[in-house]
Asker: 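Just dropping this structure here.
Note that the coordinates shown come from a computational prediction; the quantities given were computed from them, not determined experimentally.
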Amino acid sequence: MKSLKTIDKVKDSLYPIITFLSILLLWELVVQVNNIPQYILPAPSDIIKVFGKDYLNLYTNTLTTLNEALLGFMIAIILSLVMGILMDFIPIFKKCVYPIMVVSQTIPTIAIAPLLIIWFGFDILPKVIMVTMTCFFPILISFVDGIENLDKDYLNLFKTMNSSKLSTFIHLKFPMAMEKLFSGLKISATYAVVAATVAEWLGGTNGLGVYMVRAKSAYALDKVFASTILVVIFSLLFVLLVQLIKKIVLRHNN
């Protein structure tokens with residue numbers, strides 16, 4: 001039975017792979033047959049060559065972007081957990097702060113990034129802040145939702161045992177909120193690398209965003225596509241890492 005399920009999973013994964021490869025092949029043929037200039041639309045083969053020809057630049061700029069994304073993501077997790085715990089323990093704090101946080105999400109990040117650069121310069125700090133701001137809210141709202149949407153019977157059981165608020169949080173609320181927390185982490189993981197890249201686009205000296213801007217200005221679209229592929233790949237790797245950690249932490253639920 002397990003082998004049949006495995007075969008079905010393999011078949012299901014083959015469909016998107018075949019479709020993707022077919023699109024790449026069609027793209028290559030269209031460019032080659034119509035002799036489309038590289039500065040308008042590079043062929044997939046030209047994009048692949050960039051990884052070999054410009055390996056060093058891609059490597060150093062990728063490290064910068066990943067450093068910003070990882071730092072911002074980790075800070076966002078810590079801030080979300082602290083804020084979520086405070087909201088649970090101090091209800092008035094949630095009433096004061098939560099609506100402001102919701103409204104803050106309506107502000108376009110592209111409008112905030114230039115301000116951060118003016119205030120904090122062109123170094124790593126404004127990029128890390130940008131990533132933190134982008135990743136913070138999905139994690140927080142998922143964590144708070146997980147804490148609040150508990151089965152009332154569990155809460156009543158802890159109350160009958162005269163459990164303190166701290167003990168209830170440690171032994172009931174936090175473990176039960178982990179599933180929702182990881183859902184928020186997965187959403188934010190998709191934003192981390194993108195947010196760092198956008199911040200670099202708007203002002204910076206290193207990183208994939210800066211690399212893209214310079215390549216675009218030189219009409220080197222093959223380099224733009226190559227750096228975009230790296231952003232996609234590392235965004236997916238962030239999500240897979242969160243998924244792996246979730247399986248390890250919540251293995252008793254599987």
Side-chain angles (χ1 to χ4, degrees), residues 64-120 123-150 169-170 172-204 207-209 231-232 234-246 249-250:
T64 300
T65 301
L66 288 179
N67 187 33
E68 296 161 356
L70 192 57
L71 275 173
F73 188 51
M74 296 304 295
I75 293 169
I77 294 171
I78 294 167
L79 283 177
S80 301
L81 291 174
V82 171
M83 294 290 286
I85 292 168
L86 287 174
M87 287 180 183
D88 182 62
F89 278 81
I90 311 171
I92 189 69
F93 177 75
K94 181 182 177 183
K95 290 178 182 178
C96 293
V97 175
Y98 196 72
I100 297 172
M101 290 184 179
V102 173
V103 172
S104 71
Q105 297 306 298
T106 63
I107 303 172
T109 53
I110 200 167
I112 299 172
L115 294 175
L116 295 175
I117 291 163
I118 291 169
W119 293 336
F120 302 107
D123 292 329
I124 189 173
L125 182 58
K127 284 80 171 180
V128 172
I129 293 173
M130 183 75 168
V131 175
T132 301
M133 291 174 65
T134 305
C135 297
F136 169 73
F137 191 72
I139 302 172
L140 175 66
I141 197 170
S142 299
F143 184 46
V144 171
D145 187 51
I147 291 172
E148 290 183 342
N149 292 312
L150 292 176
F169 180 84
I170 293 171
L172 176 64
K173 289 185 177 181
F174 187 74
M176 295 294 283
M178 290 296 283
E179 189 78 33
K180 288 285 184 73
L181 174 61
F182 274 104
S183 296
L185 288 171
K186 283 175 70 177
I187 294 169
S188 291
T190 62
Y191 297 154
V193 180
V194 175
T197 306
V198 169
E200 291 164 353
W201 259 88
L202 299 172
L208 287 174
V231 171
V232 173
F234 284 106
S235 295
L236 290 173
L237 287 175
F238 267 50
V239 175
L240 290 173
L241 179 61
V242 171
Q243 186 65 28
L244 178 63
I245 295 170
K246 178 185 176 181
V249 173
L250 303 180

Asker: Quick one: pull up CD1 in I129 and CZ in F120 and give me the separation to the nearest 0.5 Å.
Answerer: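 Reported value, rounded in 0.5 Å steps: 4.0 Å.
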Asker: With sequence neighbours left out, which residue pairs that include part of residues 83-92 fulfil the salt bridge (charged side-chain N to carboxylate O under 4.0 Å, His left out) condition?
Answerer: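 For residues 83-92, and leaving out neighbouring residues, the salt bridge (charged side-chain N to carboxylate O under 4.0 Å, His left out) pairs sorted by first residue read D88-K173.
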Asker: Test of understanding: with ring-ring contact (aromatic ring centres under 6.0 Å, His included), list the residues that count as partners of F89, not counting sequence neighbours.
Answerer: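 F89: ring-ring contact (aromatic ring centres under 6.0 Å, His included) contacts with F169.
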Asker: How far does CG of L241 sit from NZ of K246, to the nearest 0.5 angstrom?
Answerer: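 Answer rounded to 0.5 Å: 14.0 Å.
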Asker: May I ask you to test the M101-V97 pair for a side-chain heavy-atom distance under 4.5 Å?
Answerer: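 When only atoms from C-beta onward are counted, V97 and M101 do touch, with a gap below 4.5 Å.
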Asker: Supply the atom-to-atom distance L185 CG to Q243 CD, rounded to the nearest 0.5 angstrom.
Answerer: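 It comes to 11.0 Å.
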Asker: Rounded to the nearest 0.5 Å, what separation is found between the OG atom of S235 and the CG atom of L240?
Answerer: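 S235 OG to L240 CG: 11.0 Å, rounded to 0.5 Å.
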Asker: At what distance, to the nearest 0.5 angstrom, does CD1 of I92 lie from CE of M87?
Answerer: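 So the gap between those two atoms works out to 12.5 Å.
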Asker: Is there a side-chain contact between L66 and F238 (heavy atoms, below 4.5 Å)?
Answerer: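 Yes, side chains in contact.
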Asker: With side chain to side chain contact (heavy atoms under 4.5 Å, CB included) as the criterion, how do L181 and S142 come out once you've worked through the C-alpha distance, each side chain's angles and the decisive distance to 0.1 Å?
Answerer: CA-CA 5 Å; L181 174 61; S142 299; 5.8 Å; no
Asker: Could you pull out the closest heavy-atom pair between S188 and C135, with the gap in Å?
Answerer: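 Closest heavy-atom pair between S188 and C135: OG-O, 2.7 Å.
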Asker: What salt bridge (charged side-chain N to carboxylate O under 4.0 Å, His left out) pairs are there with at least one residue in residues 67-79, not counting sequence neighbours?
Answerer: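 Counting only pairs at least two positions apart or across chains, no salt bridge (charged side-chain N to carboxylate O under 4.0 Å, His left out) contact touches residues 67-79.
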Asker: Could you tell me which non-hydrogen atom of P138 sits nearest to which non-hydrogen atom of I187, and how far apart they are?
Answerer: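 In terms of heavy atoms, the two residues are closest at CB-CG2, 4.0 Å.
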Asker: Should L71 and I124 be marked as a side chain to side chain contact (heavy atoms under 4.5 Å, CB included) after you check the CA-CA gap, both sets of side-chain angles, and the distance that decides it?
Answerer: CA-CA 10 Å; L71 275 173; I124 189 173; 4.0 Å; yes
Asker: So, for G207 and T65, which heavy atoms are closest and what is the spacing to 0.1 Å?
Answerer: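 For G207 and T65, the tightest heavy-atom pair comes out as CA-OG1, 3.4 Å.
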Asker: Tell me, which pairs form a ring pair (Phe, Tyr, Trp, His ring centres under 6.0 Å) where one or both residues lie in residues 93-114, sequence neighbours left out?
Answerer: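 For residues 93-114, and leaving out neighbouring residues, there are no ring pair (Phe, Tyr, Trp, His ring centres under 6.0 Å) pairs at all.
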Asker: Name the one of V231, L70, V131 that satisfies side chain to side chain contact (heavy atoms under 4.5 Å, CB included) with V193?
Answerer: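 Going through the options one by one, the only one that passes is V231.
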Asker: Within this structure, what is the OG-CD1 distance for the pair S183 and I141, rounded to the nearest 0.5 Å?
Answerer: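 It is 12.5 Å, given to the nearest 0.5 Å.
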Asker: Side chains of residues 73-86: which donor-acceptor partners sit under 3.5 Å, not counting sequence neighbours?
Answerer:
from: S80; atom 1: OG; to: A76; atom 2: O; distance (Å): 2.6
from: S80; atom 1: OG; to: F136; atom 2: O; distance (Å): 3.1

Asker: Can you run down the salt bridge (charged side-chain N to carboxylate O under 4.0 Å, His left out) pairs that involve residues 180-193, sequence neighbours left out, and say none if there aren't any?
Answerer: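 The answer is D145-K180.
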Asker: Closest heavy-atom contact between T197 and L208?
Answerer: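 Between these two residues, the closest heavy atoms are CG2-C, 4.4 Å.
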Asker: So I245 and F182, side chain to side chain contact (heavy atoms under 4.5 Å, CB included) or not? Walk me through it.
Answerer: CA-CA 9 Å; I245 295 170; F182 274 104; 3.9 Å; yes
Asker: For the side chain of K95 and the backbone of P91, is there at least one donor-acceptor N/O pair under 3.5 Å apart?
Answerer: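 No; zero donor-acceptor contacts below 3.5 Å.
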Asker: Where do A177 and I147 come nearest, in terms of heavy atoms and distance?
Answerer: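 Heavy atoms only, the tightest pair is CB-N, 3.7 Å.
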